[in-house]
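A quick write-up on the structure given underneath.
Indexing begins at 1, ligand by ligand and atom by atom, following the structure's order.
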Amino acid sequence: MRVPICFDKTMRELKHLAIILDGNGRWAKKRGLPRTMGHVQGAKNVEKVCRLCHAKGIKYLTVYAFSTENWKRPEDEVKAIMGLLNQYLDSCIKTSKKDNMRVRLLGDREGLKEILPKIEELEEISKDNDGLQLQIAVNYGSRNEITRAVKDIAKEVKEGTLEIETIDEDLISNHLDTAGIPNPDIMVRTSGELRLSNYLLWQLAYSEFYFTSCAWPDFDEEELDKVIASYENRDRRFGGIKEE
Ligand code: IPE
Ligand code: IPE
Ligand code: MG
């Protein structure tokens with residue numbers, strides 16, 4: 001692996017944007033609406049932001065839609081979110097050819113039995129699309145993802161198909177749900193919370209962070225432009241030094 005020694009402009013290209021879509025519930029509450037209406041609005045906004053990212057030349061977009069911890073929410077809310085996800089998958093399946101968007105799921109598929117066939121259908125029909133590369137994190141938790149990767153690696157060692165000595169960072173990356181996808185350049189969290197909530201802990205090791213008080217349903221082109229402008233002003237040194 002090549003370790004960059006100094007900063008250069010090409011390292012600043014925003015190829016991969018990761019977002020924690022937060023604040024749907026508060027957005028709704030502020031308007032006297034049920035929380036689920038916030039999720040409806042939030043889901044609509046994912047479609048809008050996908051188009052915006054594509055238009056601005058961002059190749060990879062990863063969105064956190066439902067965490068392994070979100071099952072703790074009231075059953076009605078979980079049902080509503082899963083219903084919206086189901087609708088979203090249907091619409092993506094229908095428009096896959098036209099949109100040229102590749103969609104992949106990040107997360108523990110075991111816990112997603114009901115919507116899994118649809119997810120896998122969409123992954124299959126969109127696998128050659130070379131437009132926006134969208135990753136949706138559903139039933140996703142970084143610790144769960146790393147635990148599954150460790151188990152897979154241990155199994156290969158036990159079966160004799162993998163030597164312990166060959167385990168390195170690339171091998172671990174290739175056992176994560178994000179295998180083959182570059183690490184995010186910048187991670188955005190909407191709605192004011194300053195935490196990762198179990199999102200992409202391995203992949204965000206050297207990413208830039210951007211926090212905004214804007215609620216996810218209100219996140220628009222102006223907000224995205226602010227993220228891009230902020231990213232363009234960061235010095236990504238990866239442990240090296242800045243060239244004067
Ligand atoms: C994000 O919005 C969507 C999910 C986590 C599914 P929230 O539902 O967390 O909204 P707040 O944080 O309660 O406002
Ligand atoms: C993180 O948001 C998960 C998603 C956006 C899917 P939460 O709203 O669940 O996070 P916490 O509970 O405030 O940390
Ligand atoms: Mg939240």
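- If you number the atoms of ligand 1 from 1 as listed, the ones under 4.0 Å from a heavy atom of Asn70 come out as 5 (C).
- Salt-bridge formation is not detected for the pair Asp185/Lys15: no Lys NZ or Arg NE/NH1/NH2 atom is positioned less than 4.0 Å from an Asp or Glu carboxylate oxygen.
- When only non-hydrogen protein atoms are considered, atom 10 (O) of ligand 2 lies nearest to Arg189 NH2, 3.3 Å.
- Gly23 counts as a contact of ligand 1, since one of its heavy atoms falls under 4.0 Å from the ligand.
- Glu208 and Tyr231 are not linked by any side-chain donor-acceptor pair at a separation below 3.5 angstrom, with hydrogens and angles left out of the test.
- Looking at Asn144 and Asp108, their side chains do bring a donor and an acceptor atom within 3.5 Å of each other.
- Within the listing of ligand 1, atoms 11 (P), 12 (O), 14 (O) sit less than 4.0 angstrom from a heavy atom of Arg26.
- Counting non-hydrogen atoms of other residues, nucleotides and ligands closer than 6.0 Å to NZ of Lys155 gives a total of 12 or fewer.
- Per-residue contacts place Ser197 under 4.0 angstrom from the following atoms of ligand 2 (heavy atoms of the residue considered): 1 (C), 10 (O), 11 (P), 14 (O).
- Of all the atoms in ligand 1, the ones that sit under 4.0 Å from a non-hydrogen atom of Ile81 are 6 (C).
- The proximity of Glu69 to ligand 2, defined as any non-hydrogen pair under 4.0 Å, does not occur for either the backbone or the side chain.
- Considering only non-hydrogen protein atoms, atom 5 (C) of ligand 1 sits nearest to Arg73 NH2, 3.4 Å.
- One finds the NE2 atom of His54 at 7.5 Å from the NZ atom of Lys59 (value rounded to the nearest 0.5 Å).
- One finds no salt bridge joining Arg102 and Asp128 here, because no Lys/Arg side-chain nitrogen approaches an Asp/Glu carboxylate oxygen to under 4.0 Å.
- Counting non-hydrogen atoms of other residues, nucleotides and ligands closer than 6.0 Å to CD of Glu75 gives a total of 12 or fewer.
- With values rounded to the nearest 0.5 angstrom, Met101 atom CE is found 11.0 Å from Cys53 atom SG.
- With respect to Lys48 and Glu221, no salt bridge is recorded, no charged nitrogen being found less than 4.0 Å from a carboxylate O.
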*asked:* I'd like to know whether Arg109 forms a side-chain contact (heavy atoms from CB on, under 4.5 Å) with Leu105, so could you lay out the CA-CA distance, the side-chain angles of the two residues, the decisive distance to 0.1 Å, and finally the verdict.
replied: CA-CA 9 Å; Arg109 292 169 192 244; Leu105 175 95; 3.7 Å; yes

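- For atom 6 (C) of ligand 1, the closest non-hydrogen atom on the protein side is Ala65 O, 3.2 Å.
- Neither the backbone nor the side chain of Tyr199 has a heavy atom within less than 4.0 Å of ligand 2.
- Taking any N or O of Ser67, backbone or side chain, none lies under 3.5 Å from an N or O belonging to ligand 2.
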- Yes or no on side-chain contact (heavy atoms from CB on, under 4.5 Å) for Phe211 and Thr190, after CA distance, side-chain angles and deciding distance? CA-CA 6 Å; Phe211 296 96; Thr190 57; over 6 Å; no

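- For the pair Glu193 and ligand 2, the shortest N or O to N or O distance does not fall below 3.5 Å.
- Listed by atom number, the atoms of ligand 2 under 4.0 Å from Ile20 heavy atoms are 5 (C).
- In terms of protein heavy-atom proximity, atom 2 (O) of ligand 1 is closest to Asn24 N, 3.2 Å.
- Atoms of ligand 2 found under 4.0 Å from any heavy atom of Arg195 (numbered from 1 in listed order, with element): 11 (P), 13 (O), 14 (O).
- Between Glu124 and Lys127 there is a salt bridge, since at least one side-chain N of the basic residue sits less than 4.0 Å from a carboxylate O of the acidic one.
- Closer than 4.0 Å to atom 12 (O) of ligand 2 lies none of the heavy atoms of the protein.
- Here the options are Phe209, Tyr64, Phe66, the test is ring-ring contact (aromatic ring centres under 6.0 Å, His included), and the partner is Tyr199; only Tyr64 passes.
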Item to complete: Please report the C-alpha distance between Arg104 and Leu134 in whole Å, then the side-chain angles of each, then the deciding distance to 0.1 Å, and finally whether the side-chain contact (heavy atoms from CB on, under 4.5 Å) criterion is met.
Response: CA-CA 6 Å; Arg104 277 173 276 192; Leu134 174 69; over 6 Å; no

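- Ligand 2 lies out of reach of Lys72, whose nearest heavy atom is not under 4.0 Å from it.
- In this structure, His39 counts as a contact residue of ligand 1, since one of its heavy atoms falls inside 4.0 Å of the ligand.
- A salt bridge does not link Arg143 to Glu69: none of the charged nitrogens lies less than 4.0 Å from a carboxylate oxygen.
- Listing protein N, O or S atoms at distances below 2.8 Å from the Mg ion (ligand 3), with waters left out, gives Asp22 OD1.
- Not one N or O of Tyr64 is nearer than 3.5 Å to an N or O of ligand 2, by distance alone.
- Within the listing of ligand 1, atoms 1 (C), 2 (O), 3 (C) sit less than 4.0 angstrom from a heavy atom of Leu21.
- In Lys29, neither the side chain nor the backbone holds a heavy atom less than 4.0 Å from any atom of ligand 1.
- No option in Arg148, Gln135, Gln203 other than Arg148 meets the side chain to side chain donor-acceptor pair (under 3.5 Å) test with Asp177.
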